[in-house]
Chemist: 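The structure is given below, and queries will be raised subsequently.
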Number of protein chains: 4
Amino acid sequence: MRSKDELKQEAIFKATIKLVNKIGFVSSSVAKIAKEANVSPATIYIYYKNKEDLLITTYAEIKKKMSVALLKNFDDSKPFRDILFVFWKNGFEFVAKNRELYMYAEQFANSPYSENVDHKELEKHFEPMIKVLQNGIEQKVIKDVSFEILATFIFYPIMIMSNSKISKALELNEKNIETGFQLGWDAIKL
Amino acid sequence: MRSKDELKQEAIFKATIKLVNKIGFVSSSVAKIAKEANVSPATIYIYYKNKEDLLITTYAEIKKKMSVALLKNFDDSKPFRDILFVFWKNGFEFVAKNRELYMYAEQFANSPYSENVDHKELEKHFEPMIKVLQNGIEQKVIKDVSFEILATFIFYPIMIMSNSKISKALELNEKNIETGFQLGWDAIKL
Amino acid sequence: MRSKDELKQEAIFKATIKLVNKIGFVSSSVAKIAKEANVSPATIYIYYKNKEDLLITTYAEIKKKMSVALLKNFDDSKPFRDILFVFWKNGFEFVAKNRELYMYAEQFANSPYSENVDHKELEKHFEPMIKVLQNGIEQKVIKDVSFEILATFIFYPIMIMSNSKISKALELNEKNIETGFQLGWDAIKL
Amino acid sequence: MRSKDELKQEAIFKATIKLVNKIGFVSSSVAKIAKEANVSPATIYIYYKNKEDLLITTYAEIKKKMSVALLKNFDDSKPFRDILFVFWKNGFEFVAKNRELYMYAEQFANSPYSENVDHKELEKHFEPMIKVLQNGIEQKVIKDVSFEILATFIFYPIMIMSNSKISKALELNEKNIETGFQLGWDAIKL
DNA sequence: GATGAATGAGTGTTCATTCAT
DNA sequence: CATGAATGAACACTCATTCAT
């Protein structure tokens, strides 16, 4: 028998992301993805149960890559502010180098498919960051407020500033990225 | 007095938002919107050029309502921090009272249709807020950084904290809303 | 607005039967039926909820025509044997003149769709025949056995003898039809 | 001892019948049959030329089993009526014990595949019954009419009475089976 | 202005069959 | 012999839009 062709699955993965970026989530049909991947529509159904499975799995894959990227050079022993700054820079670097992955994730998160994702499972990859914030609270370095509020000012700004419409107006150079971090830090620090 | 057609257009407007909230952007077809509005599909094409026009116009309408809501009780003579706090509270109030409008806008902003919106035109409604921030910079009350970065910490957090998934975890009571504002303020203040 | 075109519905009805006779129940797709009826596939869904609805409604229509045909020249006052003979002849006549309708019904009855038919409703059209048999039993003209068994020998043989494979071997002339009735009559008479 | 392949072919045979009974003729795809038989779709094409071949061969196999069953306890020397009654009872017994085989045959006979069966070949298995009837005619025990008409009243009623819809209304107990035979006998006897 | 009928092109998915191992 | 991967064509059905009234 023929063995599963990993190149094919990779091609489908990439085609999915590429097409969603090119024509948007709504218009990305299975047939078009198949054509982009140089594959028969039926082949997609060998690797994925259905369209939803394809889109969700692709999203999960991206999220995993993101978490790995954010944790690059993670060093527990560094000063607290430096640890956060590394997260911050990693975030912008990931978006810069993987615009397509990032934008797919953005579109997916606002689609109805998003409701069927096992978010608990995906958030596990981001636990180190949560722990860092908890340490910061315990060591009285940052304000003692809920994780969601902290994240709103120190993690989500990465996404907002990276957002295509905003980043068109806002040049994402070293200086602006550092300025942004300074504001985020001022927001949460004690 | 309203003429008959305005009633119809209003019905279509409401049906569009209701349906997008019920079944999502992707599944909301013209036929279904027509049925929800108790109107023939053909009727929609009297008031709107095509589906895209319907969705975009609906979005623009919502954005206008949003800007009006944000500017409620706007008083130039108040202290700077108070002016911003009123914006902030108005934002949360609008989302709380108009969840459906807000969620439609969220979904729309991440759809490919969004690219065809005349954002410049829409942003005009938000000019007062931009001017307030500019005043703040001139009066050396807040940091002298680009408008986009400031907005990231004092306007966008409203959207993030209102996001359904986050606001499920984060109870949006008076206290959390004020805490959020405190962080935003600390981020931008000099 | 355009009014529903009865010619169109009629065309779909006829195309359905014609195609099922030409290529069989299994291969008769909606697209093929549409082409046969010179109509868009989408048009079929204006007149019928879905494929099942199309097939079932077509079947019901045929059954109604059948019952009407069987009851032709029905005369309660005739001798019992004569009444039955009229049913018998009407049956063969209907099959002879409406081979396609009859064969559609045959195929349908053995399809899984058949399970979703409201048989109770359809059988109402055949009540006169049931009543005739009941009278026969009461008047001690025919055997007092269950209706199903009686029907097996005096109604179903019409179908069996009309069956294409059998009727190829068995010439369905006046004589054979009368001979068949004689056997059926001998079976049930007291 | 059976070789490995015969086991596989047997598995495919059983799976085909089981599946057709479970989900109907129309929905029974090669892939599903393969899964039911715990076999690869490709394997089916080793034993059968194509789907049609699979279905036809399965039908022929069943027909052979049927004829063997009908001829159980066949004894030329018994009185004529008794011989027929044994056929009759064997028929009902076969259906009772092999509902699935019988129902597959019913569904198949009304499918377009049926046209491609070599009926002549299959009917050979039923020759003894034909001969019995011929003897009956010669011995002036039964009416001198064509075989098809005789069969209509003494063989086909087995199938009609066994039909799932009818046999739901008609309890197939010893008494009803014997009553049925009496009617059939009255039909054909001289 | 308002409608439901009508449609070709598209949807996601499964089909019978073949291929490479 | 036996397999799961692979596929183009087909499936039932819905789409955004236009037509005739």
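Bear in mind that the values here come from a model prediction, so they are computed numbers and not experimental data. Hydrogens, waters and symmetry mates play no part in the numbers below; they use all other heavy atoms, side chains included. Sequence lines set the chain letters: A, B, ... in the order given, protein chains first and strands last, and positions in each chain run from 1.
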Chemist: Are the side chains of B:Thr16 and B:Ser28 in touch, meaning some heavy atoms are under 4.5 Å apart?
Modeler: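 SC-SC contact between B:Thr16 and B:Ser28 ruled out.
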
Chemist: Between F:dT7, F:dA2, F:dC13, which nucleotide gets closest to the side-chain atoms of A:Ser40?
Modeler: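 Looking only at heavy atoms from C-beta outward on A:Ser40, the closest nucleotide is F:dT7.
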
Chemist: Rounding to an integer number of Å, can you tell me how far C:Phe25 CZ sits from F:dA12 P?
Modeler: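 My rounded result for the distance is 12 Å.
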
Chemist: Is there a side-chain contact between D:Leu54 and D:Ile33, using heavy atoms and a 4.5 Å cut-off?
Modeler: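 Yes; the side chains approach each other to less than 4.5 Å.
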
Chemist: Rounding to a whole Å, what distance do you find between C:Leu54:CG and F:dC11:P?
Modeler: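 After rounding, the gap between these two atoms is 14 Å.
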
Chemist: Classify the nucleic acid contact of A:Val30 as base, sugar-phosphate or nothing, counting any heavy atom under 4.0 Å across all strands shown.
Modeler: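 Answer is base: heavy atoms of A:Val30 come under 4.0 Å of a base.
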
Chemist: Take atom CG of C:Leu7 and atom P of E:dA6, then tell me their distance rounded to the nearest Å.
Modeler: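 So the CG-P distance, C:Leu7 to E:dA6, works out to 10 Å.
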
Chemist: Could you let me know what F:dC11 is paired to, Watson-Crick or G-U wobble, both distances under 3.5 Å, or none if it's on its own?
Modeler: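 Result: E:dG12.
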
Chemist: Let me know the distance between CD1 of D:Ile56 and P of E:dA16, rounded to the nearest Å.
Modeler: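 That distance rounds to 15 Å.
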
Chemist: Can you figure out which of F:dA12, F:dA6, E:dC15 approaches the side chain of A:Ala42 most closely?
Modeler: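 Given the options F:dA12, F:dA6, E:dC15, the side chain of A:Ala42 is closest to E:dC15.
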
Chemist: Can you find a donor-acceptor N/O pair under 3.5 angstrom joining the side chain of A:Ser29 to the base of E:dG12?
Modeler: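 A donor-acceptor contact between them is absent.
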
Chemist: Whole Å only: how far is the CD1 atom of B:Ile12 from the P atom of E:dA2?
Modeler: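 The distance from CD1 of B:Ile12 to P of E:dA2 comes to 9 Å, rounded to the nearest Å.
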
Chemist: For E:dA5, give its Watson-Crick or G-U wobble partner with both distances under 3.5 Å, or none.
Modeler: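 WC or wobble partner is F:dT18.
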
Chemist: Mapping D:Lys51 and C:Ile44 onto DNA chain E by nearest heavy atom, which one lands closer to the 5' end?
Modeler: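 This one resolves to C:Ile44.
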
Chemist: According to the interplanar angle, ranging from 0 to 90°, do the rings of D:Phe25 and D:Phe108 count as parallel (below 30°), tilted (30 to 60°) or perpendicular (above 60°)?
Modeler: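 It falls in the perpendicular class, over 60°.
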
Chemist: Between B:Glu36 and B:Lys18 (salt bridge meaning N to carboxylate O under 4.0 Å), is one present in this structure?
Modeler: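 Yes, charged N to carboxylate O under 4.0 Å.
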
Chemist: Starting the side chain at C-beta, find the nucleotide from E:dA5, F:dA2, F:dT17 nearest to B:Tyr45.
Modeler: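 Taking heavy atoms from C-beta onward, the closest nucleotide is F:dT17.
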
Chemist: When you match C:Ala31 and A:Val39 each to their closest nucleotide on DNA chain F, which lands nearer the 5' end?
Modeler: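 Closest to the 5' end, via its nearest nucleotide, is A:Val39.
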
Chemist: Between C:Lys8 and E:dT7, is there a contact of a side-chain N or O with OP1 or OP2 at under 4.0 Å?
Modeler: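 Yes.
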
Chemist: Run the numbers on B:Ile12 and B:Tyr48 for side-chain contact (heavy atoms from CB on, under 4.5 Å), then give the verdict.
Modeler: CA-CA 10 Å; B:Ile12 295 169; B:Tyr48 302 93; 3.9 Å; yes

Chemist: Tell me, do A:Gln107 and B:Ser111 make a side-chain contact under 4.5 Å, heavy atoms counted?
Modeler: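 No, their side chains stay 4.5 Å or more apart.
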
Chemist: B:Asn50 or C:Glu52: which one's nearest nucleotide on DNA chain F is closer to the 5' end?
Modeler: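 Nearest nucleotide further toward 5': that of C:Glu52.
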
Chemist: Send over the distance from C:Asn38 CG to E:dA5 C1', rounded to a whole Å.
Modeler: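 The distance from CG of C:Asn38 to C1' of E:dA5 comes to 17 Å, rounded to the nearest Å.
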
Chemist: Separation of B:Ile33 atom CD1 from E:dT3 atom C1', in whole Å?
Modeler: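 Taking atom C1' of E:dT3 as the reference, CD1 of B:Ile33 is at 18 Å.
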
Chemist: Taking atom C1' of F:dA2 as reference, at what distance in whole Å does atom CD1 of D:Ile46 sit?
Modeler: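 From D:Ile46 CD1 to F:dA2 C1': 5 Å.
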
Chemist: Can you tell me if A:Tyr48 touches the phosphate of E:dT13, counting only side-chain N or O atoms and a distance under 4.0 Å to OP1 or OP2?
Modeler: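 Checking E:dT13 against A:Tyr48, no side-chain N or O comes under 4.0 Å of OP1 or OP2.
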
Chemist: Can you tell me which nucleotide in F:dC13, E:dA5, E:dT13 comes closest to the side chain of C:Pro41?
Modeler: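 Side chain of C:Pro41 sits closest to F:dC13.
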
Chemist: Tell me whether the side-chain N/O atoms of C:Lys32 come closer than 4.0 Å to OP1 or OP2 in F:dC11.
Modeler: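 Answer yes for this pair, as a side-chain N or O of C:Lys32 is under 4.0 Å from OP1 or OP2.
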
Chemist: Return no unless some side-chain N or O of B:Thr43 is found under 4.0 Å from OP1 or OP2 of E:dT3.
Modeler: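 For E:dT3, OP1/OP2 do have a side-chain N/O of B:Thr43 under 4.0 Å.
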
